[in-house]
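Just so it is clear, the model here is predicted, and its values are computed rather than measured. Numbers for residues simply follow the sequence, beginning at 1.
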Amino acid sequence: MNPPRSVWLARFAWLCVLFTLALIFVGGMVTSKQAGMAVPDWPLSYGSINPAGWWQIENVRLEHGHRLIASTLGLLIIGLTIWTWRTESRRWVRWLAIAALLGVSVQGVLGGLRVTERSLSLAVFHGCLAQAVLAGLVVLATALSPRRDVSGRERAGLTRLASLAIVVVYAQLVVGAIMRHFKAGLIIPDFPTSFGGWIPPLDTFPVIIHFTHRIGALVVLGTIFALTVAAVRTTRGEGRLLRPACLLLGLVLLQVMLGASVIWLAKAPVPTTFHVVNGALILATAAALRTRLALAANGIGSHRARFANGPESSVAEGAA
């Protein structure tokens with residue numbers, strides 16, 4: 001039997017999330033390879049929608065490929081927004097789809113202006129907005145997904161920790177974007193020490209922003225560790241809440257190792273880009289957990305999921 005339409009909508013939303021992660025990865029490679037200006041015009045590429053021979057030159061392939069993926073994602077989110085408005089009754093979910101569409105549109109314009117204006121500041125905003133769009137899409141996809149095993153028990157402390165995790169992770173991503181675009185990634189060349197000690201001389205902006213990123217990593221690690229411990233204590237093994245909390249801790253530990261490899265391998269493009277993408281995954285997972293907590297506490301999960309298997313399943317759920 002074919003899944004109900006609401007299930008397909010959720011799957012389509014998660015497909016948009018995957019495309020966004022792919023776009024962040026390719027965008028990270030563009031920055032790692034310093035290919036951001038390989039195509040000097042916008043919205044066209046060398047005066048054409050699809051210039052001949054673009055695949056043959058690595059930096060042009062990266063930059064133009066980044067634009068093609070971004071255009072595909074834009075079309076997907078247009079479809080997601082229309083589908084959501086036609087089938088979803090919850091107003092906040094429908095407006096979240098509109099916000100995602102606006103975010104992707106602004107993101108495209110920022111990317112183009114970064115090229116035409118040759119602005120590093122716009123490059124930073126472009127990278128940070130990509131993370132926010134990803135988080136918004138994850139919240140939307142989570143809200144559209146069927147809920148069958150999430151109870152309505154309130155977990156105020158866990159919810160506050162999840163909210164704090166989103167804030168500190170996003171702040172860390174912003175600091176990382178500033179450090180990355182202002183080429184401060186190797187200004188402190190050793191790790192875990194800094195110029196052979198634990199606190200470097202904070203006399204230049206590159207050193208300050210780099211060391212702030214390292215301190216931020218400790219703050220993120222401590223917050224996620226506290227969140228995971230709280231999840232283990234309060235969710236009573238409820239998988240849809242416990243799994244993302246444990247995944248968060250694993251992703252943060254991986255992020256620390258990737259960050260160290262960036263230093264040890266002198267910003268090799270692949271581990272550097274995976275460091276960026278893994279940071280996006282951390283933010284996405286925190287957003288998904290926070291959304292599930294909100295849906296569980298308020299009992300506002302997808303009403304369509306309750307009727308996915310017919311009225312009988314809804315009656316049985318109510319009786320339980």
Shortest non-hydrogen separation from [X] to [Y] and the atoms involved:
X: L137; Y: L80; result: CD2-CD2, 4.1 Å
X: A177; Y: V124; result: O-CG2, 4.0 Å
X: V262; Y: P271; result: CG2-O, 4.3 Å
X: A287; Y: T291; result: O-OG1, 2.8 Å
X: I224; Y: A165; result: CD1-CB, 3.8 Å
X: A162; Y: L227; result: N-CD1, 3.8 Å

Do the side chains of [X] and [Y] join up, straight or via other hydrophobic residues, at under 4.5 Å, putting them in one cluster?
X: V276; Y: W264; value: no
X: F195; Y: I215; value: yes
X: L249; Y: V219; value: yes
X: I24; Y: V106; value: yes
X: L102; Y: L76; value: no

Can you find a heavy atom in the side chain of [X] that is under 4.5 Å from one in the side chain of [Y]?
X: Q56; Y: R61; answer: no
X: L289; Y: L158; answer: no
X: S105; Y: V109; answer: no
X: E63; Y: V115; answer: yes
X: L96; Y: I98; answer: no
X: V169; Y: T223; answer: no
X: I263; Y: D190; answer: no
X: T81; Y: T84; answer: no

So, does [X] use its side chain to make a donor-acceptor pair with the main chain of [Y] at under 3.5 Å?
X: R180; Y: G28; result: yes
X: N59; Y: A38; result: no
X: R67; Y: V39; result: yes
X: N278; Y: L251; result: yes
X: H126; Y: Q107; result: yes
X: E88; Y: R90; result: yes
X: H210; Y: A184; result: yes

For [X], I'd like to know if atom [atom1] has over 12 heavy atoms of other residues, nucleotides or ligands within 6.0 Å.
X: Y170; atom1: OH; value: yes
X: L218; atom1: CG; value: yes
X: W55; atom1: CH2; value: no
X: K267; atom1: NZ; value: yes
X: F211; atom1: CZ; value: yes
X: Y46; atom1: OH; value: yes

Problem - Evaluation steps, side-chain contact (heavy atoms from CB on, under 4.5 Å), between V232 and L242 - result: CA-CA 7 Å; V232 171; L242 184 59; 3.8 Å; yes
Problem - Between R290 and T159: side-chain donor-acceptor atoms closer than 3.5 Å - result: no
Practice task
Classify the side-chain pair S32/T272 by whether it contains a donor and acceptor separated by less than 3.5 Å.
Solution key: no
Practice task
Decide yes or no on side-chain hydrogen bond (donor to acceptor under 3.5 Å, both in side chains) for S145 and W14, but give the supporting numbers first.
Solution key: CA-CA 9 Å; S145 298; W14 285 113; 3.0 Å; yes
Handout entry: CA sep, side-chain torsions, deciding dist, call: R94, S89, side-chain hydrogen bond (donor to acceptor under 3.5 Å, both in side chains)
Key = CA-CA 8 Å; R94 292 161 65 183; S89 63; over 6 Å; no
Handout entry: Geometric cation-pi criterion R11 and W8, 6.0 Å radius, 45° cone
Key = yes
Practice task
Give me the ring orientation class for F274 and F25: parallel if the planes are under 30° apart, tilted from 30 to 60°, perpendicular past 60°.
Solution key: tilted
Practice task
Just do the side-chain hydrogen bond (donor to acceptor under 3.5 Å, both in side chains) check on T142 and R292 with the steps written out, would you?
Solution key: CA-CA 7 Å; T142 303; R292 287 180 177 179; 5.3 Å; no
Completion exercise
Taken to the nearest 0.5 Å, the spacing of R214 CZ from T212 OG1 works out to 11.5 Å
Handout entry: Derivation of the side-chain contact (heavy atoms from CB on, under 4.5 Å) call for Q172 and I282
Key = CA-CA 11 Å; Q172 176 73 343; I282 292 171; over 6 Å; no
